[in-house]
Amino acid sequence: MKRLIFIFIPLALLIASCKGQKITKEKVPSLVFNSLKAKYPVATDIDWKKQGTIYEAELDINDSTEVSLRIDEAGNLLMQKSDILLTELPQVINAAVQRQYAAYTIDDVEKIEQDGGIYYQVELKAKGKKEVNIVFSADGKEVKNPAYWD
């Protein structure tokens with residue numbers, strides 16, 4: 001039993017660290033923090049994580065919109081993700097989901113901005129089936145880059 005504990009605890013810590021390590025605002029470089037504040041001066045409830053040299057901030061805008069940002073050490077905004085309503089999802093993506101995943105319904109939708117491109121990630125659910133997470137380009141094509149951002 002003790003042997004299992006000594007195996008399980010490090011494994012759990014390793015898995016948890018793969019998603020990024022939570023850090024306090026004081027450990028965020030000023031270039032990174034200032035980049036966030038320049039983009040979202042009214043941001044509240046900012047939670048920070050760090051994975052390698054990339055900082056991820058989760059924040060609220062006007063207490064209603066949840067936004068996540070990935071910023072490098074130099075303060076460059078790499079990616080942005082924001083919750084959107086299903087009604088804001090482009091029709092071409094709705095059509096692609098209905099055509100390719102007819103048994104599923106859209107459960108969650110988010111908009112991703114990266115390198116000047118706009119992408120939409122959708123979470124699909126169906127009774128008795130495994131959840132499916134997909135990223136679409138703005139023209140309704142499935143893409144692997146950017147990867148689904150959980």
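Nothing here was measured: the structure is a model prediction, and the numbers come from that model.
- When all heavy atoms are compared, the tightest approach of Lys129 to Ala103 is NZ-CB, 3.9 Å.
- Using a 4.5 Å cut-off on side-chain heavy atoms (C-beta onward), Thr44 and Leu59 make no contact.
- One hydrophobic cluster, built from ILVMFWY side chains closer than 4.5 Å, cannot hold both Val67 and Met79; they sit in different ones.
- Asn34 contributes a side-chain N or O that, together with a main-chain N or O of Ser30, makes up a donor-acceptor pair within less than 3.5 Å.
- Side-chain heavy atoms closer than 4.5 Å link hydrophobic residues (I, L, V, M, F, W, Y) into clusters, and following such links, even through other members, never connects Leu85 to Ile61.
- Here the straight-line distance linking atom CG of Asp47 with atom CD of Glu56 works out to 10.5 Å at 0.5 Å rounding.
- Between Val135 and Ala147, the closest heavy-atom pair is CG2-C, 3.9 Å.
- A distance of 5.0 Å separates CD of Glu110 from CG of Asp83, quoted to the nearest 0.5 Å.
- Residue pairs satisfying the salt bridge (charged side-chain N to carboxylate O under 4.0 Å, His left out) criterion with at least one member in residues 20-34, sequence neighbours excluded, are absent.
- Distance OH/Tyr55 to CD1/Ile71: 10.5 Å, rounded to 0.5 Å.
- Clustering ILVMFWY residues whenever any of their side-chain heavy atoms sit less than 4.5 angstrom apart, transitively, puts Ile118 in the very cluster that holds Phe136.
- Val143 places none of its side-chain heavy atoms less than 4.5 Å from the side chain of Asn145.
- Residues Leu86 and Leu89 have side chains in contact (heavy-atom distance under 4.5 Å, counting atoms from C-beta outward).
- Separation of atoms OH (Tyr104) and CG (Asp107) is listed at 12.5 Å; rounding is to 0.5 Å.
- Distance alone, capped at 3.5 Å, places no donor-acceptor pair between the Gln100 side chain and the Val97 backbone.
- Using a 4.5 Å cut-off on side-chain heavy atoms (C-beta onward), Asp60 and Thr65 make no contact.
- Between Glu123 and the options Thr105, Val132, Asn133, Ile134, a side chain to side chain contact (heavy atoms under 4.5 Å, CB included) holds for only Asn133.
- At least one side-chain heavy atom of Tyr120 sits under 4.5 Å from a side-chain heavy atom of Ile84.
- Of all non-hydrogen atoms in Gly75 and Ser35, the two that sit nearest each other are O-OG, 2.8 Å.
- Relative ring orientation between Phe33 and Trp48 is described as tilted, the plane-to-plane angle lying within the 30° to 60° band.
- When all heavy atoms are compared, the tightest approach of Ile112 to Pro146 is CG2-CG, 4.3 Å.
- Leu69 and Ile54 are assigned to two separate hydrophobic clusters, defined by single-linkage of ILVMFWY side chains at heavy-atom distances under 4.5 Å.
- The line from CD of Gln114 to CG of Leu77 is 10.0 Å long, rounded to the nearest 0.5 Å.
- A donor-acceptor contact shorter than 3.5 Å is absent between the side chain of Asp115 and the backbone of Gly117.
- Within the 3.5 Å criterion, the main-chain N or O of Lys81 finds no donor-acceptor partner in the side chain of Lys111.
- Contact detail for Gln80 and Tyr40: the closest heavy-atom pair is NE2-OH, 2.6 Å.
- Gln121 CD to Ile93 CD1: the interatomic distance, rounded to the nearest 0.5 Å, is 11.0 Å.
- Put simply, the side chain of Lys49 reaches to within 4.5 Å of the side chain of Glu58, judged on heavy atoms.
- Within the 4.5 Å cutoff, no side-chain heavy atoms of Asp108 are placed close to those of Ile106.
- Closest heavy-atom contact between Val92 and Asp139: CG2-O, 3.4 Å.
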